[in-house]
Amino acid sequence: MSTWLPFAPCTPHGCARHTGAVRAPLPAVLRLLAGCTLVLLGVVCVPLVRLLGAAPRELLVRRWAHAVTRAFGVRLTARRHAPEPATGGELVVANHISWLDVPLIASVLPGRMLAKSEIRRWPLLGPLAASGGTLFIDRDRLRALPAAVRTVATALRSGSRVVVFPEGSTWCGRGGGAFRPAVFQAAIDAGATVRPVRIAYRTAAHAPGPTAGAVAFVGDDPLAASLWRVVRAAGLTARVDVLAPIPVNGEDGRRALARRARAAVLEPGDPLQASQSLSGDL
């Protein structure tokens, strides 16, 4: 592996452990089957969904993604902080904790994902990502980075929403990595809006305390082990905060944009505390 690649110190043994209530094996198996079935259904239905108009297609994707998270046993709430409609392309940047981050964001802000090329080979999730317009990049080749930036910029210029995890690696949620600036250059080149999104998980709705370790998909954790850990954990709650957009202008370079977005997403405090401005369960 190249030394320039993003690295997180989180490990499955040290971070991905569940300490709360646990489901019995049979209900957990049923949740696993339900979640995988919905993912497979999404793969099968992609050709038909593409025939729909933009508005009904986005609504259908949002509802499907929400159903996937609920099938795996995760309750989702979302809050929008003074959102402003994006004109043209929109680069959505979020912190990265789990494979669950993808359907969580899709249930609120569906868009084209930017993902490492290895995901294309994952069972179920790989074909779904490919058929859904995911932009795959080869993270192991530094020379491929300029082409990846051009690809994202082209998608943004076309008016697409592109979803990126600029930390470049998953963290367990107790901390976070630096936001890599390359993808922000694509937003500058395309004149797109940068939309920060904050993701957090807990083991009970709006409860303070440690981050839910069950959802952390870190290090060399096998996908099958992560799936089983999630469906065995009871009371998982996810919170998605859609933050105010960051306009791109000539004064901010890509590094300044990356720092501003990171500060918005990883600011101190417990984002799962109850709030009167909460938009409600999705």
Side-chain angles (χ1 to χ4, degrees), residues 35 38-39 42 58-86 90-115 125 129 132 134 161-167 170-177 179 193-217 230 233 235-246 261-282:
L38 279 171
V39 173
E58 178 166 321
L59 178 61
L60 187 60
V61 169
R62 288 183 59 189
R63 290 182 174 177
W64 168 83
H66 178 233
V68 169
T69 60
R70 291 295 292 125
F72 281 115
V74 181
R75 183 175 296 277
L76 168 63
T77 60
R79 184 173 66 175
R80 294 176 179 265
H81 300 250
E84 300 172 12
E90 183 178 44
L91 182 70
V92 176
V93 294
N95 57 315
H96 201 11
I97 300 171
S98 172
W99 52 268
L100 277 165
D101 301 343
V102 176
L104 283 180
I105 291 183
S107 67
V108 181
L109 293 172
R112 302 183 67 180
M113 303 295 302
L114 184 67
L125 296 179
T134 295
R161 178 185 291 134
V162 179
V163 180
V164 180
F165 301 109
E167 289 169 298
T170 49
W171 290 67
C172 67
R174 299 182 181 92
F179 277 19
T193 298
V194 175
R195 173 79 67 174
V197 172
R198 186 188 308 131
I199 300 172
Y201 298 91
R202 293 290 185 270
T203 54
H206 314 305
T211 298
V215 302
F217 183 49
V230 167
L236 290 178
T237 298
R239 170 71 171 270
V240 177
D241 284 85
V242 180
L243 306 173
I246 302 175
R262 185 187 187 278
V265 172
L266 299 177
E267 67 182 11
D270 182 1
L272 278 178
Q273 290 290 340
S275 172
Q276 292 298 320
S277 58
L278 188 66
S279 64
D281 288 358
L282 292 177

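Source: prediction; values computed, not measured.
The side-chain contact (heavy atoms from CB on, under 4.5 Å) test applied to S98 returns L100, D101, Y201, V215, F217, not counting sequence neighbours. Applying the ring pair (Phe, Tyr, Trp, His ring centres under 6.0 Å) test to F179 and every residue at least two apart in sequence or in another chain returns nothing. Annotation: side chain to side chain donor-acceptor pair (under 3.5 Å) contacts of R262 (sequence neighbours excluded): none. For N95, the side chain to side chain donor-acceptor pair (under 3.5 Å) test picks out no residue, with sequence neighbours left out. Residues satisfying the side-chain contact (heavy atoms from CB on, under 4.5 Å) test with V68, not counting sequence neighbours, are L38, V39, W64, F72, P103. Scored by the side-chain contact (heavy atoms from CB on, under 4.5 Å) test, V102 finds M113, F165 as partners (sequence neighbours excluded).
Taking both residues in full, the closest heavy atoms of G111 and V163 are given as CA-CG2, 4.2 Å, listed atom of the first, atom of the second, then distance. Contact record, A65 with S107: CB-N, 3.6 Å, taken as the closest heavy-atom pair. Heavy atoms only, all atoms of each residue included: L104 and T69 are closest at CD2-CG2, 3.8 Å. Across all non-hydrogen atoms, the minimal contact from E167 to L266 is OE2-CD1, 4.1 Å. A pairwise comparison of heavy atoms in R198 and A264 identifies NH2-O, 2.9 Å as the closest pair. R195 and V242 make their closest contact through CD-CG1, 3.8 Å (heavy atoms, listed as atom of the first residue, atom of the second, distance).
The residue from T237, V240, L236 that alone fulfils the side chain to side chain contact (heavy atoms under 4.5 Å, CB included) condition with L76 is V240.
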When you look at I199 and I105, which way does the side-chain contact (heavy atoms from CB on, under 4.5 Å) test go after all the steps? CA-CA 9 Å; I199 300 172; I105 291 183; 3.9 Å; yes

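Contact of the R75 side chain with the R70 side chain is registered, since non-hydrogen atoms from C-beta on lie closer than 4.5 Å. Taking 4.5 Å as the limit, some side-chain heavy atom of D241 sits within range of a side-chain heavy atom of R239.
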